[in-house]
Amino acid sequence: MDATFATGKELQKMDPVFGQLSFNDHEQIVFCNDKDTGLKAIIGIHNSVMGPALGGTRMWNYATEWEALNDVLRLSRGMTYKSAITGLNIGGGKAVIIGDAKTQKTPELMRKFGEFVHSLSGRYITAEDVGMETKDMDTVRDVTPYVTGISEERGGSGNPSPVTAYGVYLGMKAAAKSQFGSDVLDGKKVLVQGIGHVGETLVEYLTKEGALVTITDINEEKLYQVAQKYNASIYTGEDLYTADVDIYAPCAMGATINDATIEKIKAKVIAGAANNQLADENIHGARLQERGILYAPDFLINAGGIINVYAELAHYGKAEIMSKTENIYNTTLEIIDFAVKNGLTTHKAALTIAQNRIDQRKIENSKK
């Protein structure tokens, strides 16, 4: 077949990595397979201009390998810009393990994954993400030093989720200040989608301030538990995107803002912890702007976790972790202002500032 006349899908079959729409000049993609433990993983190193690629490992029961590849490509790219916009001297990477974390994750599987990480000699440093716990990072640490987010007992920074939630909360407050004229969330109606480690802590921050919180999650047992603990409401409607709320906080998987949902959204602010919330960052970022909905860029406001684990590499303590995370509030306001002044979407504004920092470092590196 002549590639000149191939369709997009045919091109992807011929070029399953480079032909992916999510491929964004990634430096390295590593496919990991181990028959004995059942490990099937993909490590994506997007960019190492700022330093070694740092990013968490996600274990998810992907429907297809294509879905897993697409996820790791999008996530690793996001990590590059997350670290750059936050001012960290670290590159962007991510890993996904295909499987059910509840039934298929074993210490043997995690150690084997750690061996694959170790084989990259520090080009990629892993950490905790969806489907992972601090104890899993401790297991990986048994076979490689290239892991962060290990337990405090072993000299690490511990679970990054609470710090991630704090950054999202502050980014949400900054977006509220810009959109509503005040960062006070008391009385504001907030829908939190996904109440895992980060989502639940975000609910705690919001309810303490007096926000009227509604929650939704696929785990019904956890849903009722969190609702009772924080006196939050459970969403019972048929389509959560039509919910009459002021703020929508996606804290589960990505791409919830897409062609099917974007016209339904009634919230005036979108600020959540999920990565890659926009299915198409150009189309959907522009449409949100047209509709007058303020989007707090996900890779900016959910950067608390990377700040937390980066502390293990940069050797700074809890006080500096919190100080850097608190700065997310100011950076969010600055990016919103930059977007308005330059006629950009907030997502594009954040990407531009992050890319400028990477480009500047690239010039500096070339002079060494």
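If you check the side chains of D34 and T37, you find a donor sitting under 3.5 Å from an acceptor. Of the N and O atoms on the side chains of S157 and E152, not one donor lies less than 3.5 Å from an acceptor on the other residue. Using modelled atom types, one finds a donor on one side chain and an acceptor on the other under 3.5 Å when comparing T57 with T126. S22 and N70 share a side-chain donor-acceptor pair at under 3.5 Å. When only modelled atom types and interatomic distance are considered, S76 and H46 share no side-chain donor-acceptor pair under 3.5 Å. A donor and an acceptor atom, one from each side chain of N275 and N302, are located under 3.5 Å apart. In this structure, a donor-acceptor pair under 3.5 Å is present between the side chains of R361 and N89. Inspection of the Q193 and Y235 side chains reveals no N or O donor paired with an N or O acceptor under 3.5 Å. No side-chain donor-acceptor contact under 3.5 Å links E334 and N330.
In this structure, the separation between CG on N159 and CD1 on I150 is 13.5 Å, given to the nearest 0.5 Å. With rounding to the nearest 0.5 Å, the separation of CE in M322 from CG in N308 is 8.5 Å.
With salt bridges taken as basic N to acidic carboxylate O contacts below 4.0 Å, one links E27 and R123. Salt-bridge check for R154 with E312: failed, with every basic side-chain N at 4.0 Å or more from each acidic carboxylate O. Salt bridge status for E200 with K229: present, with a side-chain N to carboxylate O gap under 4.0 Å. Using a cutoff of 4.0 Å between basic side-chain nitrogens and carboxylate oxygens, E65 and K40 are not scored as salt-bridged. The residues K268 and D246 are annotated as not salt-bridged, no charged nitrogen and carboxylate oxygen being separated by less than 4.0 angstrom. Under the 4.0 Å criterion applied to side-chain N and carboxylate O atoms, K177 and D183 are not assigned as salt-bridge partners.
Under the side-chain hydrogen bond (donor to acceptor under 3.5 Å, both in side chains) rule, E115 has a single partner from R111, H118, K112, which is K112.
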| request: Carefully, step by step, assess Y205 and Y166 under the rule ring-ring contact (aromatic ring centres under 6.0 Å, His included). | output: CA-CA 8 Å; Y205 279 116; Y166 185 52; 5.5 Å; yes
| field | Stepwise side-chain contact (heavy atoms from CB on, under 4.5 Å) check, T86 with Y81 | value | CA-CA 8 Å; T86 314; Y81 296 117; over 6 Å; no
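Tracing side-chain contacts under 4.5 Å through hydrophobic residues (I, L, V, M, F, W, Y), one reaches I358 starting from L300; they form part of the same cluster. Under the 4.5 Å side-chain contact rule for hydrophobic residues, L288 and V190 do not share a cluster. Connection of L75 to Y146 is not established within any shared hydrophobic cluster, with ILVMFWY side chains joined at heavy-atom distances below 4.5 Å, either directly or through further cluster members. Connection of W60 to F116 is not established within any shared hydrophobic cluster, with ILVMFWY side chains joined at heavy-atom distances below 4.5 Å, either directly or through further cluster members. Residues I353 and F299 share a hydrophobic cluster, clusters being chains of Ile/Leu/Val/Met/Phe/Trp/Tyr side chains in contact below 4.5 Å.
Closest approach of D298 and A274 over heavy atoms only: CB-O, 3.2 Å.
The neighbour count for Y224 OH, taken as heavy atoms of other residues, nucleotides or ligands under 6.0 Å away, does not exceed 12.
In this structure, H284 has its ring center at least 6.0 angstrom away from the ring center of Y295.
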